[in-house]
Engineer: 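Can you read through this structure? Questions will come right after.
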Amino acid sequence: MQRRPRRNRKSESVRNLVEETQVSVKDLIFPLFLVDGQKKQIEVASMPGIFRFSTDLMLKEIEECMKLGIYSFDVFPAYPESLKDAVASESYNPETFYLKALREIKKQFPEVCLMSDVAMDPYSSDGHDGLVKNGKILNDETLEILGKMSLAQADAGVDILGPSDMMDGRVGYIRDLLDENGFIDTSIMSYTAKYASAFYGPFRDALDSAPKFGDKKTYQMNPANAKEALIEADLDVEEGADFLMVKPALSYLDIIKQLSDNYPLPIAAYNVSGEYSMVKAAAEKGWLDYDRSMNEILLSIKRAGAKIILTYFAKDFAKNPC
Ligand code: PBG
């Protein structure tokens, strides 16, 4: 036998030499859930180990994460029903707790990379990412609302805006508006290929943001399709996105690979709530080894071509990297 591939696996030191992919804590963005009030830390029932924090405790959490080497955070707000309306007006109220918290985080920790979410769902009485009229999600009318929300978040000091709404034309619309208002350094990480996925379930529990009727299939992509992701990516590049994101990650590794092979922009992947909760639940039952499963998942996403991973595993990974 001339060829014995096992020779390159014969010892840990040789395996280390031929190892192609590493995940670093530098690649990770940790999503955090924010609630109004003080001294609140409420575990999300369907996401063990993940909490909704009030601003004071979120600042402590961020400080703790920084000690572990995590410097990037994506903050999502959970709003009470009483503050939601059809046009998401709370999203650009300068006094709203979300914007105040973003401002406070940047003030206390200017060195962190702070990301925010641009979509109507946490503030919408319809629970949809866009404006609803007669049961339909209106595209162009939604852009105006997303624009106001983006300016308010940029003004609060956010480093990267994350439009997660999947309306057509929103990246270009937001980019122009940011530039016109002097926010030339505010980046956009577009949710380029965001699929209509069952794996967002626990996230919608965390934010109480599930749609009140129907589903998100007229704006989020069909899980059966890959080519559309290339159309979305072409548009995002033309419209000035700084990063392209694929979401979810695990069932869409082929899409991550395609974008990474075809576009020079950094590719991000969102390892979503359901992907975290599956592993947590199985590990709690003793059916999976949590650390090894987490490491293998993050490695697979990186190997597929994502430079950046948004993941609820961030803190556990930082404590116990592969
Ligand atoms: C909202 C948004 C969602 C997620 C991120 N931003 C949910 C959705 O589109 O319904 C999901 C994240 C996760 O599941 O971890 N536009």
Side-chain angles (χ1 to χ4, degrees), residues 28-34 44-52 73-79 84 88 90-91 98 115-132 137 139 142-143 145-146 149-150 153 158 160-167 170-171 174 188-223 232 243 245-252 268-281 294 297-298 301 306 308-315:
L28 307 182
I29 301 178
F30 191 22
L32 296 171
F33 299 124
L34 181 80
V44 179
S46 51
M47 300 180 77
I50 296 295
F51 300 87
R52 314 184 201 189
F73 303 90
D74 190 358
V75 180
F76 295 90
Y79 274 91
K84 299 183 184 182
E90 192 63 14
S91 67
Y98 180 50
M115 181 166 166
S116 61
D117 200 62
V118 179
M120 286 176 63
D121 53 333
Y123 322 93
S124 153
S125 43
D126 296 302
H128 275 284
D129 294 21
L131 186 65
V132 178
I137 317 302
N139 193 89
T142 299
L143 297 185
I145 298 169
L146 299 177
M149 196 184 299
S150 298
Q153 294 175 0
V158 159
I160 304 178
L161 296 174
S164 69
D165 54 284
M166 289 303 278
M167 296 300 121
R170 90 279 205 210
V171 170
I174 294 169
I188 299 178
M189 182 183 289
S190 177
Y191 284 63
T192 298
K194 178 174 181 181
Y195 286 86
S197 173
F199 293 104
Y200 307 149
F203 175 96
R204 293 178 190 170
D205 289 345
L207 299 192
D208 287 321
S209 64
K212 300 285 161 56
F213 70 89
D215 51 43
K216 299 191 175 185
K217 289 181 186 170
T218 68
Y219 46 107
Q220 298 182 348
M221 287 172 54
N222 181 346
E232 291 285 0
F243 307 84
M245 189 211 287
V246 175
K247 176 182 179 187
L250 287 185
S251 299
Y252 302 89
Y270 201 137
N271 176 209
V272 299
S273 55
E275 298 173 328
Y276 168 84
S277 299
M278 289 193 293
V279 177
K280 269 280 165 177
M294 164 182 75
I297 283 172
L298 295 176
I301 298 169
I308 301 159
I309 309 173
L310 294 100
T311 180
Y312 303 96
F313 290 125
K315 205 172 164 192

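First listed ligand is number 1; within each ligand, the first listed atom is number 1.
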Engineer: Would you call Asp121-Lys216 a salt bridge at under 4.0 Å N-O?
Structural biologist: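 Salt bridge present between Asp121 and Lys216.
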Engineer: Please name all residues satisfying side chain to side chain donor-acceptor pair (under 3.5 Å) with Ser124, sequence neighbours left out, ordered by chain then number.
Structural biologist: none
Engineer: Please assess Asp117 against Tyr191 for the test side chain to side chain donor-acceptor pair (under 3.5 Å), listing each intermediate value before the final yes or no.
Structural biologist: CA-CA 10 Å; Asp117 200 62; Tyr191 284 63; 3.2 Å; yes
Engineer: Are side-chain heavy atoms of Tyr252 and Pro223 found at a separation under 4.5 Å?
Structural biologist: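 In short, these two side chains touch, coming nearer than 4.5 Å.
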Engineer: Would you call Met149 and Tyr123 a side-chain contact if the rule is heavy atoms closer than 4.5 Å?
Structural biologist: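 When only atoms from C-beta onward are counted, Tyr123 and Met149 do touch, with a gap below 4.5 Å.
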Engineer: What residues come within 4.0 Å of ligand 1, counting heavy atoms only?
Structural biologist: Phe76, Asp117, Ala119, Asp121, Asp129, Ser164, Lys194, Phe199, Tyr200, Phe203, Arg204, Lys216, Gln220, Lys247, Tyr270, Val272, Ser273, Tyr312
Engineer: Report, as yes or no, whether the 6.0 Å neighbourhood of atom NZ on Lys212 holds more than 12 heavy atoms from other residues, nucleotides or ligands.
Structural biologist: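 Yes.
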